[in-house]
There are 2 protein chains.
Amino acid sequence: MIAEERRQRVLDLVSTKGFATLADLALEIQVSESTVRRDLEFWHQQGNLRRTHGGAIFVGDGSSFPALEERIDAQLEEKRAIARAAVGRICDGDTVLLDGGTTTLEAARLLLGRSIQVVTNSLPIAALLAGSRETDLVLLGGYIYPKTGVALGPFTVRMMQDLHVHQTLLSVSGLTERGLFNSNLLLVETERAMMRCADEVVLLADHTKVGRPALAFLCEWSEIDLLVIDRKLEDRKKSMLAQTGARLLIAGDLEEFGR
Amino acid sequence: MIAEERRQRVLDLVSTKGFATLADLALEIQVSESTVRRDLEFWHQQGNLRRTHGGAIFVGDGSSFPALEERIDAQLEEKRAIARAAVGRICDGDTVLLDGGTTTLEAARLLLGRSIQVVTNSLPIAALLAGSRETDLVLLGGYIYPKTGVALGPFTVRMMQDLHVHQTLLSVSGLTERGLFNSNLLLVETERAMMRCADEVVLLADHTKVGRPALAFLCEWSEIDLLVIDRKLEDRKKSMLAQTGARLLIAGDLEEFGR
DNA sequence: CAGATAACTATCAAGTTATTTCAATTTATG
DNA sequence: CATAAATTGAAATAACTTGATAGTTATCTG
């Protein structure tokens, strides 16, 4: 096994268990305790874990956002399908604005290496796309909301006054027949600006969000050009959505064949 | 086989497997390990691979910031000392602007958990501090320069017009008796704005940067309030710096006792 | 608090990988 | 075709990684 790989395994083991002893790690990876010590010391220097007597404990590596990590596996397959469907409508050379959220993060993964311009207020998405030579990235600045790592507030809104994009991929925490909702007042203010600077507003939402309102009202259905949703959507909810006049794209109905 | 073709095969093999050892490659392509080493070194220079002991691993286009990774170990101890000295001058409740760079990234690590307000145009620094509840974070938006993951350009500059901070911690790529230099024209433009919105401008630089100019002239010495530098600085260079009228803080002279 | 035990640090030897150097070969150039 | 330049492979030397050991320090237990 190569050193790099072993180091990664050490970090993975410690981070998944939260804590691990030297003996555990040495046994698991089949190397001497000396080597484990050196690897732990390495990660300690990097700031990814903290040494204790006999082992090491994981400290958040800073680049992760708890609110995102928790949700990251919920409806992952559905979110992937939604992202695939939405990204399928984006052409090379387009300019796309990506809102923060796990579904838009999946969309960003699919856009990696594509020759497009991306505008985003999401730190995780920016970190993902920043190194790419093909993708141009414009980051929206502002006050960073620590839970999810998105930029919010007046600075963010003002920066968008001079921007124009083909599409905005929007993320919300709930939607009812009245319209769309999100959990944070500053966030909906920012998202309204995102909608204003786009030719087309595309909402990405999985079926669990339908019928669930949230603290802050974002906008009515007429403001949305397209809703991309997964096919676990129940018929009752589907007809409710139909009544709002929203254009629907059910992810997974056709996209699966296009792979 | 032509050299060009062989090199391409080396890159292809490494990129498809993700990792390959020298022996693997030498056997596969039927050339000596010396040649493989030279090819790997070539791609490493190009930024497509990262060397490890015994082999090489492919670097995904988007995952990280190559320009940062390469430099990350060079003068690490000196940079830590410089960061420690600079951060020692920051009080709780202060507002600090952090420029991009490895030394300022180290400073950010030391600020983690401190109750201060941080403004930055650096994506790595933002990712590090974003999750912290104690530290308020304001991100400067703009066009992201892929090599180092910093926001640059008119958007960034304009956003700073409405900001005011106690300190700016600045990073440069070189400094001579004439003044400070950096490698990118947009970057120096952005850094000038960073200097304008601060009460105090603190320059972080290690000894290797002294006497080295770079493409773009940033400013004269009179614009800098304090230069924090490590103690490996040679006497000849030290006296040169003294002649510029710059206030010097040699890191490691006193800080070591304060641990 | 003392003794026992576990863990840490520093160091070394063995094995592996890098670097440097040089001669042979191939390729380019007049 | 002859010469210069570049490339390649091999060999020697240097540097690094790893596992083991001995002495030291920290933690636990009665």
Side-chain angles (χ1 to χ4, degrees), chain A residues 1-59, chain B residues 1-59 66 69-81 84 102 208 232 252 256-257 259:
Chain A
M1 183 191 315
I2 218 70
E4 194 94 4
E5 186 189 340
R6 187 200 57 230
R7 278 196 180 144
Q8 199 54 56
R9 273 192 72 189
V10 168
L11 183 60
D12 286 350
L13 283 167
V14 176
S15 65
T16 52
K17 295 183 176 184
F19 172 85
T21 67
L22 277 170
D24 284 351
L25 294 168
L27 194 74
E28 176 76 26
I29 313 185
Q30 287 293 307
V31 291
S32 73
E33 294 197 355
S34 293
T35 303
V36 176
R37 280 209 177 82
R38 283 185 270 249
D39 288 347
L40 293 180
E41 178 59 21
F42 172 84
W43 289 119
H44 173 68
Q45 288 290 323
Q46 298 292 312
N48 297 63
L49 35 93
R50 220 181 36 193
R51 288 301 320 273
T52 66
H53 259 253
I57 62 176
F58 183 69
V59 303
Chain B
M1 184 191 311
I2 215 78
E4 194 102 355
E5 184 191 340
R6 187 200 57 231
R7 276 195 180 148
Q8 198 54 54
R9 273 193 74 188
V10 168
L11 183 59
D12 287 349
L13 283 167
V14 176
S15 64
T16 52
K17 294 185 176 184
F19 170 85
T21 67
L22 277 170
D24 284 351
L25 294 168
L27 194 74
E28 177 77 26
I29 313 185
Q30 286 293 310
V31 291
S32 72
E33 294 197 356
S34 294
T35 305
V36 176
R37 279 211 177 81
R38 284 185 268 249
D39 288 347
L40 292 181
E41 179 58 24
F42 171 84
W43 288 119
H44 173 68
Q45 291 291 330
Q46 299 290 312
N48 301 62
L49 299 175
R50 201 153 49 85
R51 287 302 319 271
T52 68
H53 254 252
I57 61 178
F58 184 67
V59 303
E69 298 280 329
E70 270 173 43
R71 288 151 34 199
I72 206 124
D73 276 333
Q75 284 87 41
L76 183 61
E77 275 314 310
E78 289 85 349
K79 285 174 176 176
R80 287 244 166 94
R84 215 159 31 228
T102 45
T208 64
K232 282 199 185 162
E256 297 297 343
F257 301 107
R259 289 183 67 184

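None of the values given here were measured: they were computed from a predicted structure. The chains referred to below are lettered A, B, ... by the order of the sequence lines, with proteins before strands, and numbering in each begins at 1.
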What is the 5' to 3' range of DNA chain C, first to last nucleotide, that sits under 4.0 Å from any heavy atom of chain B? C:dT17 to C:dT19
Taking only residues two or more places apart in sequence, or in another chain, which ones meet A:E33 in a salt bridge (Lys or Arg N to Asp or Glu O under 4.0 Å)? none
Do A:R7 and A:F42 have side chains that approach each other closer than 4.5 Å (heavy atoms only, starting at C-beta)? yes
Give the residues of residues 28-36 of chain B touching DNA chain D, defined as any heavy atom closer than 4.0 Å, sorted by residue number. B:V31, B:S32, B:S34, B:T35
Overall bend - the helix from C:dC1-D:dG30 to C:dG30-D:dC1, comparing terminal axes fitted on five pairs, nearest 10 degrees: 40°
Name all residues meeting the salt bridge (Lys or Arg N to Asp or Glu O under 4.0 Å) criterion together with A:E4; count only those two or more places apart in sequence or in a different chain, and write none if there are none. B:R50
Determine whether A:D12 and A:Q8 make a side-chain contact, defined as any pair of heavy atoms from C-beta on separated by less than 4.5 Å. yes
Residue set satisfying side-chain hydrogen bond (donor to acceptor under 3.5 Å, both in side chains) with B:T52, at least two apart, ordered chain then number -> none
Do B:V36 and B:V31 touch side chain to side chain, with heavy atoms closer than 4.5 Å? yes
Do B:L11 and B:Q46 touch side chain to side chain, with heavy atoms closer than 4.5 Å? no
Could you list where the contact with chain A starts and ends along DNA chain D, reading 5' to 3', using a 4.0 Å heavy-atom cut-off? D:dT18 to D:dT27
Contacts of type salt bridge (Lys or Arg N to Asp or Glu O under 4.0 Å), residue A:R51, not counting sequence neighbours: none
Heavy atoms, side chains only, cut-off 4.5 Å: are B:L25 and B:L13 in contact? yes
With sequence neighbours excluded, tell me which residues meet side-chain hydrogen bond (donor to acceptor under 3.5 Å, both in side chains) with A:R6. A:D39
Under the side chain to side chain donor-acceptor pair (under 3.5 Å) rule, what pairs show up with a residue in residues 13-25 of chain A, not counting sequence neighbours? A:T21-A:D24
If you take any heavy atom closer than 4.0 Å to DNA chain D, which residues from residues 3-19 of chain A end up in contact? A:A3, A:R6
Holding to side-chain hydrogen bond (donor to acceptor under 3.5 Å, both in side chains), I want the full list of residues that pass it with A:E41, two or more places apart in sequence or in another chain. A:Q45
If you apply the rule side-chain contact (heavy atoms from CB on, under 4.5 Å), what do you find for A:V14 with A:W43, and how did you get there? CA-CA 10 Å; A:V14 176; A:W43 289 119; over 6 Å; no
Quick check: do A:I57 and A:L49 have side-chain heavy atoms less than 4.5 Å from each other? no
Using heavy-atom distances to pick each residue's nearest nucleotide on DNA chain C, tell me which of A:I2 and A:R38 is more 5'. A:R38
Apply side-chain contact (heavy atoms from CB on, under 4.5 Å) to A:L22 and A:L40, showing your working. CA-CA 9 Å; A:L22 277 170; A:L40 293 180; 3.7 Å; yes
Just call it for B:T52: base, sugar-phosphate, or nothing, with non-hydrogen atoms closer than 4.0 Å on any strand. sugar-phosphate
